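Each remark here refers to the structure printed beneath this line.
No experiment lies behind these values; they were computed from the predicted model shown. Per chain, numbering begins at 1; letters A, B, ... match sequence-line order.
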There are 2 protein chains.
Amino acid sequence: MFEKNKSEQLLRQYGLKVTSNRLLVLDVLMSSRTALSHGEIQKKIQGSRLDKVTLYRTLDTFVKHDIAHKVASEDRNWLYALHPIDENDSVRNDHAHFICDYCERIYCLPVETRNTVPLPESEEGFVIRTHEYRLHGVCPQCH
Amino acid sequence: MFEKNKSEQLLRQYGLKVTSNRLLVLDVLMSSRTALSHGEIQKKIQGSRLDKVTLYRTLDTFVKHDIAHKVASEDRNWLYALHPIDENDSVRNDHAHFICDYCERIYCLPVETRNTVPLPESEEGFVIRTHEYRLHGVCPQCH
DNA sequence: ATAATAATGCAATAGAGTTGCAATAACGGT
DNA sequence: ACCGTTATTGCAACTCTATTGCATTATTAT
Ligand SMILES: [Mn+2]
Ligand SMILES: [Mn+2]
Ligand SMILES: [Zn+2]
Ligand SMILES: [Zn+2]
């Protein structure tokens, strides 16, 4: 038996049917350093006839099955990215988002962010379950 | 001379013309514990004939003059809020946002959040200028 | 009161994302 | 290799938030 490619393995591993659309979108996400919007992904796969609705649904499927996650961009669009891998090759659900002030790209940075910002005494009744740390500044591309 | 009300003073202080629309919107924002969407504000001022476009522009004006700030909500709408006041009655530009998993309301919490998450060595070329800390969990209303 | 300027209301428009439904493709079982 | 079940896909129409252009109206300094 031949070894299946990585994207195909990943889909089967998550119990998803292997379709050319999903493989295509997965490849795009895997080869991007930044989180991508629906529109950006469409541009990267122009030529293939993948409908925009199917792309929305494919991305939702990835998020629902926790293959990918989505981040709200500053212009209120969703950006999609696979989970970042840390130095031990393990997935980090807990990480920071870096938003460039110039190109507005969003990077997922595998940074430990837990237990860093305690609530002040005065703010009672708020129970924290998860968090997102968003950093703004200048990215390596824009120096 | 009679003492002007607080909203009117605030507008003059920021060099803005005093209009009934602006006073109305300012009152709504001042009396809310959570950040409000355009739609929520419209509901609260139903009866007044303030056009939806004017409301958008009024909110933008407040943001541009730094009377208020806006936060992207989880469902991709803008939410608007005045700057939170800390225990010394001074404005905090640097604060956290608490997003309730149930009611989805966003609260501005006057929490010190500076310099809490250093980047790892491996992530070079990112220059951090500002940040936003988003906390998710259960708010006091939803216990 | 008047003039200069900014704010406002209305209609049309843009853009991201969603819904319903019929056609098609994936895949386990034979 | 074929079939039947079920999930995926493409298309059209639609929803919803927000924006733009422009003529009208209100605010403020003089
Ligand atoms: Mn991320
Ligand atoms: Mn805030
Ligand atoms: Zn950049
Ligand atoms: Zn709540």
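Separating the OH atom of A:Y56 from the P atom of D:dT9 is a distance of 16 Å, rounded to the nearest angstrom. Distance, A:Q42 CD to D:dG10 P: 11 Å, rounded to whole Å. As a whole-Å value, the separation of A:K64 NZ from C:dT18 P is 12 Å. In this structure, A:L55 atom CG and D:dT8 atom P are separated by 15 Å, rounded to whole Å. To the nearest angstrom, P of D:dA26 lies 15 Å from CZ of B:R22. We find that CG of B:L59 is positioned 10 Å from P of D:dT19, with the value rounded to whole Å. Following rounding to the nearest Å, B:D60 (CG) and C:dA7 (C1') show an atom-to-atom distance of 14 Å. Whole-Å rounding puts the B:E40 CD to D:dT17 P distance at 11 Å.
Proximity of residues 70-82 of chain B to DNA chain D (heavy atom under 4.0 angstrom from any strand atom) is restricted to B:N77, B:W78.
The hydrophobic clustering, which links ILVMFWY residues whose side-chain heavy atoms are closer than 4.5 Å, places A:L50 and A:V18 together.
Residues B:E8 and B:R12 are paired through a salt bridge, judged by an N-O separation under 4.0 Å between the basic side chain and the carboxylate.
Taking the ring centroids of B:H95 and B:H69, they lie under the 6.0 Å cut-off. With ring centers used as reference points, B:Y107 lies under 6.0 Å from A:F126.
For the residue pair B:E132 / B:H97, a side-chain donor-acceptor distance below 3.5 Å is found, with atom types taken as modelled. Between the side chains of B:N21 and B:T19, no donor-acceptor pair is found at a separation under 3.5 Å.
For A:R134 against A:E74, the heavy-atom pair with the smallest separation is NH2-OE2, 2.8 Å.
The phosphate of D:dG10 has OP1 or OP2 within less than 4.0 Å of a side-chain N or O from A:N21.
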Could you run through nucleotides 19-27 of chain C and give me one letter per nucleotide, 5' to 3': B if any protein heavy atom sits under 4.0 Å from the base, S if only the sugar-phosphate is that close, - if neither?
-> BB-----BS

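Applying the 3.5 Å distance criterion, the base of C:dG17 shares a donor-acceptor pair with the side chain of A:K52.
Ring planes of A:H38 and A:Y56: parallel class, angle under 30° (limits at 30 and 60°).
Using a distance-only test at 3.5 Å, with no hydrogens or angles considered, no donor-acceptor pair links the side chain of A:S32 to the main chain of A:L29.
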